[in-house]
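Worksheet: one structure, shown below.
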2 protein chains.
Amino acid sequence: MDKRQTILAATMKLFGQKGFEGTSVREIAAEAEVNPAMISYYFGSKEKLFENLVEQRAAFLKGVFAEVVKNPTLSHIEKLYIMIDSYVDRIFLSPQFHHLLHRELSMERRPQMKDAIAEILLRNFVSVKKMIQDGIESGEFKKVDTELTIASIVGTISYLLSSEVMCRKMLQKNKDFNPYQSRKLKERVGEYLKELMRSHLLIK
Amino acid sequence: MDKRQTILAATMKLFGQKGFEGTSVREIAAEAEVNPAMISYYFGSKEKLFENLVEQRAAFLKGVFAEVVKNPTLSHIEKLYIMIDSYVDRIFLSPQFHHLLHRELSMERRPQMKDAIAEILLRNFVSVKKMIQDGIESGEFKKVDTELTIASIVGTISYLLSSEVMCRKMLQKNKDFNPYQSRKLKERVGEYLKELMRSHLLIK
DNA sequence: ACCCTAATTAAACGTTTGTTTAATTTCAAA
DNA sequence: TTTGAAATTAAACAAACGTTTAATTAGGGT
């Protein structure tokens, strides 16, 4: 197996759980079952390792929204449904990576990294925004605050999944309920957001 | 002046900016202009210092929602308006503390601290939930997903303010725009959320 | 079988970490 | 003025940190 990938996987796990400064290079090495020196050898430094991780994961989340926007056979609300499902899938797929990005964003260390992350998170922002504005111009949607509407979509998912403890308490679930792996919850969030957006956007 | 308070203020600033593990005791001491040993002297340890900080701030954010719910002269949507304004005020007042709490929540260190934080954040959750449910039973509100509705309110604000960089990029503002201190933005978020909740909750 | 480069290792590097120690200063009560 | 507890300090502590070094191993190309 590829040792670089093994290290990146261990890094993802530990940075996700304990954050960048909360994780030591030695911990990562132990998790990946490699010698600590291998991390410097392959990545140069802990910080470069972080950059590599974000880069790799970001490439994974390539934006496919641009195509959806252009599709002429779909109504605007149908396009939005696709985007909602896409967001829900994405965050449920790797909530820890999502946390990692937002944790980094909310801190005042490594400003260049913050810029890169904002770039990644907003990659699809433009497409969604354009789509909603098209919907408004076409008369299908009400004249809403476009930017904040997007914040509501992503923010709802993000807040709900901000931690397993929090999610369980909010939804009054018992301890063995695993929010991140619950398909039921995922569907519930998707359906809720679509209903929210219907009443928010569609002209009665 | 009270040295304990000086240290707590410095801690708030630095933990907010760089996180718990990202801030050293010596940095805090320098910021507060005290000897590093004073932190152990007054608080015992860095972790206890953190607990003291959260405790102090949490007391500051005491829940006043219970009274609002009982008030018979207000309609349910009016009660919700008050709660929305309260949330907006709260997060805009000290976004860095808000970040600090959520950062800690999203990490798997110090589980007891996580429980305490979830407790604080959900302190008003029950009141809001009850209020929405009352609104549904009285026929004023549609039968919505109560828990996720609350997640939308808090999540929207939280996501928008997740970082100054992010906020500026989302709203396409220039570099000298300070989101956290913009009264205009605060009002915009409040108005947006009220409109969102009107269309989401009120029966046409 | 030889060679060379890449991979891997244990050990050590110099810093920085949170915390403690032991000595000193401060200052109000006696 | 003396006394004693609280406050404050500089220095030192051991442990952990990210990283480097220097030596060794591995393995395909010639």
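Side chains included, hydrogens not; waters and symmetry mates left out as well; all remaining heavy atoms used.
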Identify whether the distance between the nearest side-chain nitrogen and carboxylate oxygen of Arg109(B) and Glu104(B) falls below 4.0 Å. no

Consider the side chain of Arg26(B), meaning its heavy atoms from C-beta on, and name the nucleotide among dA12(D), dA7(C), dA10(C) that approaches it most closely. dA12(D)

Which nucleotide wins on minimum distance to the side chain of Val25(B), given the candidates dT8(C), dT19(D), dT19(C)? dT19(C)

Here the distance between atom C1' of dC17(D) and atom NZ of Lys18(A), to the nearest Å, is 15 Å

Starting from C1' on dG18(D), measure out to NZ on Lys48(A) and report it in whole angstrom. 13 Å

Taking dT19(C), dT8(D), dT9(C) as options, the one with an atom nearest any side-chain atom of Met38(A) is dT9(C)

Ser24(B) side-chain N/O to dT17(C) phosphate OP1/OP2 under 4.0 Å: yes

Between dT19(D) atom P and Tyr42(A) atom OH, what is the distance in whole Å? 17 Å

Taking only the side-chain nitrogens and oxygens of Tyr41(A), find out if one of them lies under 4.0 Å from OP1 or OP2 of dA7(C). yes

Please check if atom NZ in Lys13(B) has more than 12 non-hydrogen atoms from other residues, nucleotides or ligands closer than 6.0 Å. no

Please determine if Lys46(A) forms a cation-pi arrangement with Phe20(A), meaning its NZ or CZ atom is less than 6.0 Å from the six-membered ring centre and no more than 45° off the ring axis. yes

Using the closest heavy atom to pick a nucleotide of DNA chain D for each, name whichever of Lys3(B) or Pro36(B) lands nearer the 5' end. Lys3(B)

Under 4.0 angstrom, heavy atoms only, what part of the nucleic acid is Ser40(B) near: base, sugar-phosphate, or nothing? base

Between P of dT24(C) and CG of Asn35(B), the distance in whole Å: 16 Å

Exercise: do His99(B) and Ser162(B) side chains pair donor with acceptor under 3.5 Å: no

Please report the distance, rounded to the nearest Å, between NZ in Lys46(A) and C1' in dT16(C). 13 Å

Ring centroid separation for Tyr180(B) and His98(B), is it under 6.0 angstrom? no

Could you state the atom-to-atom distance from CD of Glu21(B) to P of dG18(D) in whole Å? 12 Å

Expressed in angstrom and rounded to an integer, what is the separation of Ile39(A) atom CD1 from dT19(D) atom P? 9 Å

Identify whether any heavy atom of Phe43(A) sits under 4.0 Å from a base atom; if not, whether one sits that close to sugar-phosphate; answer base, sugar-phosphate or nothing. nothing

How long is the line joining CD1 of Ile7(A) and P of dT19(D), in whole Å? 13 Å

